[in-house]
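Okay, so here's the structure we're looking at.
These numbers come from a predicted model, not from an experiment.
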Amino acid sequence: MRRHQLLRTTGYDLGIFEQAVRAYAELRAPVVPLRGEGFNLLGDHFHPLLAALAPLYRLFPSALTLLVLQSALLALAVVPLFRWAVRAVGPRGAHAVAAGYGLSWGVASAAAFDFHEVALAVPLLACSLEALDRRRWTTAVAWAAPLLLIKEDLGLTLAAIGAYIALKNRRRGDRGDRGTRCSDGDRRAFRLGLATAAAGLLGSALEIKLLLPALGPTGGYAHGGQLAAAHGSMLSALAHAPLDLLRPDVKPTTLILVFAPSALLALRSPLALIAVPTLAWRMASENVFHWGTAFHYSAVLMPVVFAGLLDVLGREDNRRTVRAALATVLAVTAVLIPSFPLAQLAQRATWQDTPHLRAARELLARIPDGATVAASNRLAPQLTSRCTVVLFPTFPVDGRLYEYRRDALPAPTAEWIVHDPEAPEAWPYRRGHWPYPLEQQRAELAAAERTHGYRIVARRDGITLLHREARR
């Protein structure tokens, strides 16, 4: 919440998701002006379960509502993990596991960068993993099935859960029979696992091949090219995958850090296989943001990592070994905290307002509710709850990210323009201007006044507010 008050959140992505949830709350399709005119966000990623947040947003229409809901969803995953930990390592050890999860870098990184749909998956996955430990296979599948409605790649995670169930029941026999015969329950569980794996693969395939192209403006899967761009084709990308998973150096570093919160013990558990689909597509992607530890991409991995830890410790009879493992988990957690967003809580700048912030709030308050606004990236989510907001200068064009000439941008059409030339460092970004260099932004701002009929209403601490009467 404090990051949002400091203008450290962005139109890409908090503003985008607020526009989608606001549309659901108003019983409309999730058309998102920040992604382009008439852009249905279900054509970007398939996440219809976002509609479940609409009732609370309707009561409290604010970007802060989404940030609070995201934090609550991330925190909720600790309940099944703690319950499992009590069984595996006792009540005192369970508190160490809960602290390790809650303070983990994957959770902190997700909470610190805007809002994303994967927050919905985190508690569902944690509940499913706990059910797997209890051998409640049907319950585990029931908790995991909604993953298909959260993001198109999570069908692969559902498939991994199904494969785990099938493998666990493939050779289990009746008591006293040394595994030569399978009980009816084992056979049913084996078939359930196979059916779940098939449903996950089929679900992801249908979403990627049919639903997303049908709903998106380009007629294809917007993110598919990230897996094939480097080698020219998907087949070539798969052939190079073994080496590409380990280069550049940031990739193996991330792979180690993913399992570091468990002191690497999760790697000894077969549950670690459930992390493979997410890790595989990230490491195979050509998007450099997918390779590192920033943003939200590791949030769904944290329940898997701690489930693997509990699976290993639950089978350990030596209490001294368990205590040493938990102490190591807490030590690793403490060592990693300063390098990740929770450290911002101890920074003086987090709790200080500045003249620039006060100027921004004053100018934003002059924009009336219901207006159309073209705003700088970090001002956009301050307005998305009450205005129709697009990015200034015009971005994207025709719903396509980066696929156009930047020297021929369309003229602005919004009633208001609010532009902030300041781009302070805000994790995970360093100082810089997006989506265009500052010189081009200033040129577009001057053109709006000189050519497109806008007039300056106010200017405070470098922030400029312009207005043009709506054209009929």
> So Phe113 and His116, would you call those rings parallel, tilted or perpendicular, with 30° and 60° as cut-offs?
Replying inline: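 Ring orientation, 0 to 90° scale: parallel.
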
Under 3.5 Å side-chain donor-acceptor pair for [X] and [Y]:
X	Y	result
Tyr436	Glu444	no
Arg188	Thr138	no
His467	Glu415	no
Glu152	Tyr221	yes
Arg2	Gln5	yes
Trp84	Asp133	yes
Thr10	Asp114	yes
Gln344	Arg3	yes
Ser269	Asp311	yes

> Looking at Asp44 and Arg35, does any basic side-chain N land under 4.0 Å from a carboxylate oxygen?
Replying inline: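 A salt bridge is present here (some side-chain N lies under 4.0 Å from a carboxylate O).
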
> With no hydrogens and no angle check, is any side-chain donor or acceptor of Thr65 less than 3.5 Å from a backbone partner on Phe60?
Replying inline: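 Confirmed, Thr65 side chain pairs with Phe60 backbone.
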
>> Strictly distance-based, threshold 3.5 Å: is any side-chain N or O of Ser262 a donor or acceptor partner for the main-chain N or O of Phe259?
In response: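 Pair found, side chain donor or acceptor close to backbone of Phe259.
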
From [X] atom [atom1] to [Y] atom [atom2], the distance as rounded to the nearest 0.5 Å:
X	Y	atom1	atom2	result
Tyr297	Asn287	OH	CG	5.5 Å
Ile161	Leu156	CD1	CG	11.5 Å
Leu154	Leu125	CG	CG	8.5 Å
Leu192	Asn169	CG	CG	9.0 Å
Gln19	Cys387	CD	SG	10.5 Å
His290	Leu279	NE2	CG	13.0 Å

> Below 6.0 angstrom between ring centroids: does that apply to Tyr24 and Tyr57?
Replying inline: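 Not close enough - the centres of the two rings lie 6.0 Å or further apart.
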
>> Taking the ring centre of each residue, are Tyr12 and Trp434 less than 6.0 Å apart?
In response: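 Yes, the ring of Tyr12 comes within the 6.0 Å limit of the ring of Trp434, centre to centre.
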
Give the minimum heavy-atom separation between [X] and [Y], together with the two atoms involved.
X	Y	value
Pro303	Ala299	CD-O, 3.2 Å
Leu14	Ala63	CD2-CB, 3.9 Å
Gly102	Val107	O-CG1, 4.2 Å
Leu271	Ala307	CD1-O, 3.7 Å
Val397	Pro410	CG2-CD, 3.8 Å
Phe392	Gln441	CE2-O, 4.0 Å

> Does any pair with a residue in residues 115-130 pass salt bridge (Lys or Arg N to Asp or Glu O under 4.0 Å), and if so which ones, sequence neighbours excluded?
Replying inline: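 Counting only pairs at least two positions apart or across chains, the salt bridge (Lys or Arg N to Asp or Glu O under 4.0 Å) contacts touching residues 115-130 are Arg83-Glu130, Arg87-Glu130, Glu130-Arg134.
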
>> Working note: Leu265 + Val329, criterion side chain to side chain contact (heavy atoms under 4.5 Å, CB included); need CA distance, chi angles, decisive distance, verdict.
In response: CA-CA 9 Å; Leu265 290 174; Val329 165; 5.6 Å; no

> Taking it one step at a time, do Met302 and Tyr101 satisfy side chain to side chain contact (heavy atoms under 4.5 Å, CB included)?
Replying inline: CA-CA 7 Å; Met302 293 299 101; Tyr101 167 79; 4.0 Å; yes

Answer yes or no: is there a side-chain heavy-atom contact under 4.5 Å between [X] and [Y]?
X	Y	value
Pro33	Phe39	no
Leu364	Val418	yes
Leu50	Phe17	yes
Ile256	Thr253	no

>> Test side chain to side chain contact (heavy atoms under 4.5 Å, CB included) on Trp105 and Val258; report intermediate values, then the result.
In response: CA-CA 9 Å; Trp105 65 264; Val258 162; 4.0 Å; yes

>> Does Trp143 have more than 12 heavy atoms from other residues, nucleotides or ligands lying within 6.0 Å of its CH2?
In response: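 For Trp143, atom CH2 is not crowded (no more than 12 foreign heavy atoms under 6.0 Å).
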
> Does atom CZ of Arg136 have more than 12 heavy-atom neighbours, drawn from other residues, nucleotides or ligands, at distances under 6.0 Å?
Replying inline: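 It does not: Arg136 CZ has 12 such atoms or fewer within range.
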
> Taking only residues two or more places apart in sequence, or in another chain, which ones meet Asp369 in a salt bridge (charged side-chain N to carboxylate O under 4.0 Å, His left out)?
Replying inline: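 Salt bridge (charged side-chain N to carboxylate O under 4.0 Å, His left out) list for Asp369, sorted by chain: Arg386.
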
> Could you go step by step and tell me if Thr157 and Val304 meet the side chain to side chain contact (heavy atoms under 4.5 Å, CB included) rule?
Replying inline: CA-CA 11 Å; Thr157 300; Val304 179; 6.0 Å; no

